[in-house]
Amino acid sequence: MERIKDKIAIITGSARGIGFSIAEMFAAEGATVIILDLNAEAVDEAVQKLVNLGYKADGFTGNVTKSEDMETAFNAVTAKYSKIDILVNNAGITKDNLLLRMKEEEWDAVIAVNLRGTFICTQKAFKVMMKQRSGSIINIASVIGLMGNAGQANYAATKGGMIAFTKSCAKEFAPRNIRVNAVAPGFIQTEMTAKLPPEVVESYGKAIPLGKMGLPSDVAKLCLFFAGDDSAYITGQTLAVDGGLTMY
Ligand code: NAI
């Protein structure tokens with residue numbers, strides 16, 4: 001089934017991990033996906049993988065924290081495809097440290113990518129979507145933004161901030177028929193979580209009612225729901241995909 005056929009979907013940070021999985025699923029459901037990431041080689045590789053599968057994919061290199069990069073990328077997408085139907089704000093980083101030891105650079109870097117990047121891309125997409133009077137924006141938050149985590153105060157602040165940002169944009173954009181929702185993944189197997197020590201992974205496994213880490217495709221399935229018409233009457237929501245870890 002092609003649930004988002006002929007839609008134009010920009011996914012930030014999609015050269016790998018959860019972002020790539022979202023791109024792959026969206027492409028399989030008929031969308032043209034735009035891979036937007038930091039490294040040109042990684043972007044080309046990701047686009048090529050999707051094209052080899054027979055999907056429609058295009059790529060742009062840029063840093064979500066840089067307004068001029070995003071201006072160039074979003075303008076190029078709009079010039080080429082005449083519209084932007086879906087934006088997934090997925091690019092995100094961690095720089096973990098206990099608060100006492102946290103350097104200001106660690107705080108600033110995480111705020112810059114996760115929050116400022118989300119703001120910049122949302123604003124650029126909204127300018128296009130408001131004219132078409134349609135669109136779906138999905139912000140990849142985290143369960144850490146709901147429940148906090150020792151050693152991740154910077155990351156938790158950004159993810160909690162993204163949830164509040166989601167609600168505000170949902171209210172602001174609703175009159176233009178643009179929906180904004182957030183997805184809060186729990187512990188998902190990617191390069192980001194591969195950095196975690198084995199004992200931490202094991203302890204989380206015990207805390208998760210479904211007893212295991214999730215897969216990037218588990219997150220992608222929820223994004224697909226928020227991207228398409230199956231969620232046409234849903235906006236401003238945050239839904240966790242976390243094996244039951246939070247149950248908010
Ligand atoms: P990842 O580290 O595997 O991939 C992140 C991608 O974002 C990379 O391709 C990277 O190059 C790109 N990126 C980083 N900074 C960027 C920037 N300034 N501009 C453009 N692209 C940039 O991470 P993963 O695990 O796939 O995470 C994706 C999102 O999901 C993040 O927002 C993360 O916070 C969130 N998340 C991940 C969880 C997990 O368990 N892996 C759990 C909860 C949320």
Side-chain angles (χ1 to χ4, degrees), residues 2-14 18-19 22-23 25-27 29-37 55-92 113-141 161-184 219-220 222-239:
E2 294 196 314
R3 274 173 283 195
I4 46 173
K5 191 170 163 44
D6 298 330
K7 301 287 185 195
I8 305 297
I10 299 181
I11 302 135
T12 68
S14 49
I18 291 173
I22 296 167
M25 191 161 293
F26 281 14
E29 292 284 343
T32 296
V33 296
I34 315 295
I35 303 281
L36 186 50
D37 211 304
Y55 299 147
K56 288 175 272 177
D58 204 344
F60 291 90
T61 308
N63 185 330
V64 295
T65 69
K66 294 195 174 143
S67 187
E68 58 278 15
D69 280 12
M70 293 304 105
E71 183 78 11
T72 306
F74 279 69
N75 282 347
V77 171
T78 314
K80 196 163 168 187
Y81 299 101
S82 315
K83 60 174 188 164
I84 300 170
D85 299 300
I86 302 158
L87 167 69
V88 184
N89 285 307
N90 166 79
V113 179
N114 301 7
L115 260 187
R116 182 182 153 82
T118 297
F119 154 65
I120 289 173
C121 294
T122 300
Q123 194 179 53
K124 307 259 179 259
F126 179 61
K127 283 183 186 158
V128 180
M129 289 175 174
M130 65 183 273
K131 290 191 196 129
Q132 20 182 94
R133 300 192 77 82
S134 69
S136 174
I137 298 173
I138 301 153
N139 295 321
I140 307 299
M162 284 175 81
I163 291 167
F165 178 80
T166 298
K167 293 177 188 174
S168 301
C169 291
K171 287 187 176 173
E172 208 170 305
F173 302 175
R176 312 274 186 164
N177 190 35
I178 296 158
R179 299 181 297 107
V180 191
N181 290 288
V183 168
V219 181
L222 183 55
C223 292
L224 176 64
F225 171 70
F226 279 138
D229 284 344
D230 286 347
S231 61
Y233 197 54
I234 301 175
T235 194
Q237 296 298 322
T238 299
L239 194 52

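Atom CG of residue Asp6 and atom NZ of residue Lys56 lie 4.5 Å apart, to the nearest 0.5 angstrom. Distance CG/Leu87 to CD/Gln123: 12.5 Å, rounded to 0.5 Å. Considering CG of Leu224 and CG of Asp230, their distance stands at 7.5 Å, rounded to 0.5 Å. The distance from the CD atom of Glu71 to the NZ atom of Lys127 is 6.0 Å, given to the nearest 0.5 Å. Taking CZ of Phe225 as the start and CD1 of Ile138 as the end, the distance is 10.5 Å to the nearest 0.5 Å. Residue Arg176 holds its CZ atom at 10.5 Å from NZ of Lys131, rounded to the nearest 0.5 Å.
When all heavy atoms of Gly161 and Leu115 are compared, the pair lying nearest together is C-CD2, 3.9 Å. Across Asn114 and Gly92, no two heavy atoms sit closer than the pair OD1-CA, 3.2 Å. Scanning all heavy atoms of the two residues, the minimum distance from Thr235 to Ala170 falls at OG1-CB, 3.5 Å. Annotation for Gly62 and Met70: closest pair C-CE, 3.7 Å, computed over non-hydrogen atoms. Between Phe26 and Ala227, the closest heavy-atom pair is CZ-CB, 3.7 Å. Contact record, Tyr81 with Ile34: CE1-CD1, 3.8 Å, taken as the closest heavy-atom pair.
With hydrogens and angles left out, the side-chain atoms of Lys167 and Thr238 include no donor and acceptor closer than 3.5 Å. Between Asn89 and Thr122, the side chains place a donor N or O and an acceptor N or O closer than 3.5 Å (distance only, hydrogens not considered).
Side-chain atoms of Leu36 and Phe74, non-hydrogen and from C-beta on, do get closer than 4.5 Å to each other. Two residues are said to be in side-chain contact when any heavy atoms from C-beta on lie closer than 4.5 Å; Cys169 and Ile137 fail this criterion. Here the side chains of Val33 and Tyr55 are not in contact, with every heavy-atom distance at 4.5 Å or above. Side chains of Ile22 and Ile140 form a contact here, defined as non-hydrogen atoms less than 4.5 Å apart. In this structure the side chain of Phe226 reaches within 4.5 angstrom of the side chain of Leu222, judged on heavy atoms. Considering only heavy atoms from C-beta on, Ser231 comes within 4.5 Å of Arg179 through its side chain. Proximity of Val113 to Val64: side-chain heavy atoms (C-beta onward) are separated by under 4.5 Å at one or more points. Counting heavy atoms from C-beta outward, Asn181 and Leu239 have side chains that stay 4.5 Å or more apart.
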Run the side-chain hydrogen bond (donor to acceptor under 3.5 Å, both in side chains) check on Thr118 and Asn139 step by step: do they pass? CA-CA 8 Å; Thr118 297; Asn139 295 321; 5.1 Å; no
Check against side-chain contact (heavy atoms from CB on, under 4.5 Å), Asp85 and Gln132: CA-CA 9 Å; Asp85 299 300; Gln132 20 182 94; 4.0 Å; yes
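No donor-acceptor pair under 3.5 Å is formed between the side chain of Thr32 and the backbone N or O of Ile8. Side-chain atoms of Asn177 never come within 3.5 Å of backbone atoms of Ser134 as a donor-acceptor pair (strictly under, hydrogens ignored). A side-chain donor-acceptor contact under 3.5 Å links Thr12 to the backbone of Asn90. Judged by distance alone, with hydrogens and angles left aside, the side-chain atoms of Arg3 form no donor-acceptor pair with the main-chain N or O of Asp229 at under 3.5 Å.
Between Phe126 and Phe173, the ring center distance clears the sub-6.0 Å criterion.
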